[in-house]
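Input: one structure, supplied below.
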Amino acid sequence: MTQTRTRFAPSPSGFLHLGNARTALFAFLFAKHTGGRFILRIEDTDLERIVAGSEVGILQDLKWLKLEWDEGPDRGGPLGPYRCSERMHIYEAQLKRIQKETRVYRCFCSPDQLDQDRKLLSSQKKVIKYVGRCLNLSEAQATEKAKTTPYVWRMHVPEGAPVAIEDIVRGHVEMQRDVLGDFVIFRSTGVPVFLFQNAIDDALQEMTHVIRGEDHLSNTFRQVLIYDALKLKVPTFSHLPMIGAEDGGKLSKRLGSLSIKELREEGFLPQGITNYLALLGWSPGDTAVTGEKFNLEELGKAFDLNRVHKGRALFDFQKLRFLNQQHLHDLNLDQLLELAPCKLLDWSAEWKSAIELVKHDAATVNDLYKVESFLNKPSFDQNEAAQKILKTDNARKALEMGISEFKTKVHQNPAVEISLKESIQSVGKAIGLKGKDLFFPFRVAITGVEAGPELIPLAKILGAPEVQSRLEKAFEYSKA
RNA sequence: GUCCCCGUCGUCUAGCCCGGUCCAGGACACCUCCCUUUCACGGAGGUAACCAGGGUUCGAAUCCCUGCGGGGACGCCA
């Protein structure tokens, strides 16, 4: 059996988004699972849509996600080039070939004309397709007209049996030929359209499996016609369900922040993202037994296209965070330090201890920045919940008493963690407070917020003078 | 509008192909309790779904039909 080959073929028109990344991931996992090769091809035929720098960005993001390719524009391979703009001569040669094999003709209809045709068809409740105006021009007529008028090449779709594919995800799908219409394969600019270019490249680069989004499904039938005309081997298709936004809308348009780049900047881990993405539209089976946490290698072992869903999935940010947290917990302090952007690099021993304190409830690397807010003096102006807590009688009393207790206790025992704890305890006994009522005033006084790291160890890091100063400041605020 | 596809908790899903073991299992989120004289972490529970209606069958989430709902495509975009 020949080795499987599959590919990810983005166009360099923007950032790598979650939807694209999921497609790339599934193709990658399929290649890993079958011991095949994963190829990267940049589809940059439409010069107008190319965004400078986006190819570099996409490559970076894929590498960061650890979706490494075996062949691609940056590393070459036996069936290159891997950038479509460098393959133009191939498409031109294939256009000449297809002219001999099947009916392909020049179409001189202007975009305005075509637009009108579509509107008319739409109002007549008919299938919207090319009306065939240029189909019956003679060779002589066409040649003459071509001297003065721009034209595209269309491939004629003759009557016949429905075009069918066996899709691994969707099963047998077929389409009547009369709804297809004669379609454009070469633009008037002399550049092939996606349909043609993509089919040619997949065949010539010997892809055994084409794994892509469901939005390509209806194009597939036209591509099959191209393969048949050129007597090229039709790859096995797998059309993945789309990913929708949390509100049910479209992903890329509504949630523009969901590029891989931005998730990285928000402190998400590649293994967290790939784990989450793999579970969007695919499941390894009984997760009650296997759990849901997988690294890339485990995903590769388990992955199976036959288990991919047909229906679309909605993106869930909470679950992404959760899974990311699971992977973050696996990292030790040094690994976190490695990941942390430069502003945290100058770690003192105190900072390291502080990081340990916040690590457990951090879901992303950036959550670790909470440390900063705890190491800086709190401000109560922004936080209503904190204000509410400090403005109670109990808080006032507890803080007043706590401060004087703390002052004397610190004299007897300079270890903050002990003196503070004992102070809070005796305040609790004296006023009759316990649990939240007792601890919240002190927590808020010291950290400024209701949720945060363990109070006593944090106090140890801050030191006695700082703790006392914060308590006093909070007490002043409480009285004011 | 036309064509294609899909429809299990709010969300991701297991189960569906090979009807009974499913008054439907897991996970996120939410709620409760435990742990901790605090929040979080961790642990234990709980609320919550087979789109609707017809068939077929002793029996249907599972098979068939219709309706409804959702998505995709209909470009000289990819």
Side-chain angles (χ1 to χ4, degrees), chain A residues 9-11 13 43-46 48-49 107 109-111 114-115 118 121-129 150-154 167 169-171 173-176 178-181 183-189 191-195 197-198 212-221 239 241-242 244 246 248 250 276 279-293 307 309-323 325 329 357-362 421 424-425 428-429 433-444 447 449-456:
Chain A
S11 71
S13 54
E43 305 208 323
D44 55 349
T45 50
D46 182 20
E48 287 186 18
R49 289 192 49 189
C107 170
C109 299
S110 70
L114 293 170
D115 205 43
R118 286 183 204 110
L121 288 167
S122 176
S123 69
Q124 293 174 152
K125 300 183 180 181
K126 286 182 182 165
V127 180
I128 298 172
K129 61 175 182 180
Y151 61 88
V152 300
W153 285 97
R154 282 185 191 273
D167 190 291
V169 174
R170 323 197 83 84
V173 188
E174 59 177 42
M175 183 75 77
Q176 297 295 329
D178 59 8
V179 300
L180 256 21
F183 54 91
V184 176
I185 56 174
F186 250 73
R187 294 192 266 257
S188 58
T189 51
V191 171
V193 300
F194 160 78
L195 211 70
Q197 163 271 118
N198 177 266
R212 59 189 0 176
E214 192 195 334
D215 48 338
H216 290 289
L217 185 58
S218 47
N219 272 157
T220 307
F221 302 97
H239 286 94
M242 309 303 288
E246 286 168 294
K250 288 193 181 184
Y276 174 70
L279 263 21
L280 259 192
W282 172 79
S283 146
D286 193 356
T287 50
V289 177
T290 62
E292 292 192 330
K293 186 184 157 206
R307 292 191 57 86
H309 259 232
K310 295 189 182 86
R312 70 161 190 169
L314 266 31
F315 178 74
D316 182 358
F317 198 71
Q318 292 281 5
K319 190 144 188 179
L320 203 213
R321 275 186 69 85
F322 172 79
L323 249 12
Q325 184 176 40
H329 283 348
L357 279 180
V358 296
K359 183 190 156 186
H360 57 254
D361 72 325
K421 192 172 183 183
I424 295 177
Q425 279 168 346
K429 271 180 201 155
L433 292 176
K434 58 180 181 177
K436 277 187 183 183
D437 295 331
L438 173 61
F439 265 79
F440 262 29
F442 289 96
R443 166 173 290 285
V444 171
T447 68
V449 288
E450 326 85 79
E454 284 184 83
L455 199 51
I456 304 299

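Below, chain A is the first sequence line, B the second, and so on; all start at residue 1.
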*Tell which nucleotide pairs with B/rC18, taking only Watson-Crick or G-U wobble pairs whose two distances are both under 3.5 angstrom.*
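Pairing partner, where one exists within any strand: none, as none qualifies.
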*NA contact type, A/Thr447, heavy-atom cut-off 4.0 Å: base, sugar-phosphate, or nothing?*
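Here A/Thr447 touches no strand at all.
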*asked:* Applying a 4.0 Å non-hydrogen cut-off, can you work out what A/Gly213 is touching in the nucleic acid: base, sugar-phosphate, or nothing?
replied: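 No contact.
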*Check the distance between B/rU36's C1' and A/Ile424's CD1 and give it to me in whole angstrom.*
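To the nearest whole Å, that distance equals 14 Å.
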_Sidechain-backbone polar pair: A/Tyr151 side chain, A/Cys109 backbone, donor-acceptor under 3.5 Å_ =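 No; zero donor-acceptor contacts below 3.5 Å.
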*asked:* Nearest whole Å is fine: how far is B/rG71 C1' from A/Phe315 CZ?
replied: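 Answer to the nearest Å: 19 Å.
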*Nucleotide forming a Watson-Crick or wobble pair with B/rG10, both distances under 3.5 Å*: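 The answer is B/rC28, by the H-bond criterion.
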*So which nucleotide does B/rC3 pair with, by the Watson-Crick or G-U wobble rule with both distances under 3.5 Å?*
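Base-paired to B/rG72.
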*Roughly how many Å is it from CZ in A/Phe439 to P in B/rU37, rounded to a whole number?*
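Result: 7 Å.
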*Would you mind reading off the distance between A/Glu454 atom CD and B/rG42 atom C1', rounded to a whole angstrom?*
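To the nearest whole Å, that distance equals 12 Å.
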*Please identify each residue that fulfils side-chain contact (heavy atoms from CB on, under 4.5 Å) with A/Val191, with sequence neighbours left out.*
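Partners of A/Val191 under the side-chain contact (heavy atoms from CB on, under 4.5 Å) test: A/Thr45, A/Met88, A/Arg187, A/Thr189.
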_Please report the distance separating the P of B/rA49 from the corresponding atom of B/rU38, rounded so that it comes out in whole Å._
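Per the computed distance, 36 Å lies between those P atoms.
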*Rounding to the closest angstrom, what is the interatomic distance between B/rA24 and B/rA44 at atom C1'?*
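Going atom to atom, C1' in each nucleotide, I get 23 Å.
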_Taking the ring of A/Phe221 and the ring of A/Phe183, is the distance between their centroids below 6.0 Å?_
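Distance test on ring centres: not under 6.0 Å, no.
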*For atom CG of A/Asp215 and atom P of B/rG71, their distance in whole Å*: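 For the pair A/Asp215 CG and B/rG71 P, the rounded distance is 15 Å.
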*Considering only the C1' atoms, how many Å lie between B/rG15 and B/rA61, rounded to the nearest integer?*
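Straight-line distance between the two C1' atoms is 8 Å.
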*Distance between the P atoms of B/rG53 and B/rG46, in whole angstroms?*
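One P to the other, the span is 29 Å.
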*For A/Asp361, enumerate each residue passing the salt bridge (charged side-chain N to carboxylate O under 4.0 Å, His left out) test, keeping only those at least two apart in sequence or located in another chain.*
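Testing A/Asp361 for salt bridge (charged side-chain N to carboxylate O under 4.0 Å, His left out), a comparison that skips the adjacent residues, returns A/Lys370.
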_Nucleotide paired to B/rU37 in any strand shown, Watson-Crick or G-U, under 3.5 Å_ =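 Its partner is none (no Watson-Crick or G-U wobble pair with both distances under 3.5 Å).
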_Between B/rC63 and B/rU47, how far apart are the two P atoms, rounded to whole Å?_
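Result for the P pair: 29 Å, nearest Å.
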*Would you indicate what A/Leu280 reaches in the nucleic acid, counting non-hydrogen atoms under 4.0 angstrom: base, sugar-phosphate, or nothing?*
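The residue A/Leu280 makes sugar-phosphate contact but no base contact.
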*State which residues pass side-chain contact (heavy atoms from CB on, under 4.5 Å) with A/Ser283; sequence neighbours excluded, sorted by chain then number.*
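Partners of A/Ser283 under the side-chain contact (heavy atoms from CB on, under 4.5 Å) test: A/Arg307.
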Nucleotides 1-7 of chain B: which of its N/O atoms have a protein N/O under 3.5 Å away?
unit_1, atom_1, unit_2, atom_2, d
B/rG1, O2', A/Lys125, O, 3.2
B/rC5, O2', A/Arg170, NE, 3.4
B/rC5, O2', A/Arg170, NH2, 2.5

_Can you check the distance between B/rU11 and B/rU57, where both ends of the measurement are the P atom (answer in whole Å)?_
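Roughly 35 Å separates the two P atoms.
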*Can you tell me how far P of B/rG72 sits from CG of A/Asp167, to the nearest Å?*
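A/Asp167 atom CG is separated from B/rG72 atom P by 18 Å.
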*Considering just the side-chain nitrogens and oxygens of A/Arg307, establish if one lies under 4.0 Å of OP1 or OP2 belonging to B/rA14.*
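For B/rA14, OP1 or OP2 has a side-chain N or O of A/Arg307 closer than 4.0 Å.
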*Identify, between A/His216 and A/Lys129, the residue whose nearest nucleotide on RNA chain B lies closer to the 5' end.*
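Nearer the 5' end of the strand: A/Lys129.
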_Give me the distance, rounded to whole Å, that separates B/rC22 from B/rC28 when you measure between the C1' atoms they each carry._
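Their C1' atoms lie roughly 23 Å apart.
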*asked:* Please give the distance between the P atoms of B/rC35 and B/rC9 as a whole number of Å.
replied: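 To the nearest whole Å, 36 Å.
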*asked:* Salt bridge or not between A/Arg170 and A/Glu214? Use side-chain N to carboxylate O under 4.0 Å.
replied: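 Salt bridge: yes.
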_Could you work out, with side-chain contact (heavy atoms from CB on, under 4.5 Å) as the rule, every residue matching A/Val152, not counting sequence neighbours?_
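side-chain contact (heavy atoms from CB on, under 4.5 Å) check on A/Val152 returns A/Cys107, A/Arg154, A/Val184, A/Ser188.
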*Which nucleotide in the set B/rC76, B/rG72, B/rC39 lies at the smallest distance from any side-chain heavy atom of A/Leu114?*
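Per side-chain heavy atoms of A/Leu114, the pick is B/rC76.
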*If you look at every strand shown and take non-hydrogen atoms under 4.0 Å, does A/Arg118 touch a base, only sugar-phosphate, or nothing?*
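If one applies the 4.0 Å heavy-atom cut-off, A/Arg118 turns out to touch the sugar-phosphate alone, with no base involved.
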Protein-nucleic acid N or O pairs under 3.5 Å, nucleotides 21-27 of chain B:
unit_1, atom_1, unit_2, atom_2, d
B/rG26, N2, A/Glu292, OE2, 3.2
B/rA27, O2', A/Glu292, OE1, 2.6
B/rA27, O2', A/Lys319, NZ, 3.2
B/rA27, N3, A/Lys319, NZ, 3.1

*Just name whichever nucleotide pairs with B/rC23, Watson-Crick or G-U, keeping both distances under 3.5 Å, else none.*
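Partner of B/rC23: none found under 3.5 Å.
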*Which heavy-atom pair separates A/Leu217 from A/Asp167 by the least distance, and what is that distance?*
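Shortest heavy-atom separation between A/Leu217 and A/Asp167 comes out as CD1-OD2, 4.3 Å.
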*If only side-chain N and O atoms of A/His309 are considered, is one of them under 4.0 Å from the OP1 or OP2 phosphate oxygen of B/rA14?*
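Yes, A/His309 has a side-chain N/O under 4.0 Å of OP1/OP2 on B/rA14.
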*asked:* Between P on B/rC41 and CG on A/Asp361, what's the gap in Å once rounded to a whole number?
replied: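 Taking CG of A/Asp361 and P of B/rC41, I get 7 Å after rounding.
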*Is a donor on one side and an acceptor on the other found under 3.5 Å between the side chain of A/His239 and the backbone of A/Asp215?*
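Not at all, since once roles are kept as given, no pair shorter than 3.5 Å links the two residues.
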*When the ring planes of A/Phe315 and A/Tyr276 are compared, do they come out parallel, tilted or perpendicular, using 30° and 60° as the limits?*
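Perpendicular: the ring planes of A/Phe315 and A/Tyr276 meet at over 60°.
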_Nearest listed nucleotide, side chain of A/Arg154, among B/rC76, B/rC39, B/rA78_ =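 Shortest atom-to-atom distance from the side chain points to B/rC76.
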*asked:* If you compare every side-chain N and O of A/Ser283 against the phosphate oxygens of B/rC12 (OP1, OP2), does one of them come in below 4.0 Å?
replied: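 No, because none of the side-chain N or O atoms of A/Ser283 sits under 4.0 Å from OP1 or OP2 of B/rC12.
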*Determine whether the side chains of A/Asn219 and A/Arg212 contain a donor N or O and an acceptor N or O closer than 3.5 Å.*
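No, no side-chain donor-acceptor contact under 3.5 Å.
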*A/Arg443/A/Glu454 salt bridge by N-O under 4.0 Å criterion*: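 No, no charged N to carboxylate O under 4.0 Å.
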*Hey, which sits more toward the 5' end of RNA chain B by its nearest nucleotide, A/Ala362 or A/Leu320?*
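Nearer the 5' end of the strand: A/Leu320.
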*Measure distances between side-chain N and O atoms of A/Asn219 and base N and O atoms of B/rA78, and say whether any donor-acceptor pair falls under 3.5 Å.*
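Such a pair is found, so the answer is yes.
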*Take atom NZ of A/Lys129 as the centre, draw a 6.0 Å sphere, and report whether it contains more than 12 heavy atoms from other residues, nucleotides or ligands.*
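More than 12 within 6.0 Å, yes.
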_Watson-Crick or G-U wobble mate for B/rU66, both contacts under 3.5 Å_ =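 For B/rU66, the partner nucleotide comes out as B/rA52, under the 3.5 Å rule.
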_Among B/rA78, B/rU38, B/rC12, the nucleotide that comes nearest once only the side chain of A/Ala313 is considered_ =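 That would be B/rC12.
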_Spacing between A/Gln197 atom CD and B/rG75 atom P, to the nearest angstrom_ =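 From A/Gln197 CD to B/rG75 P: 19 Å.
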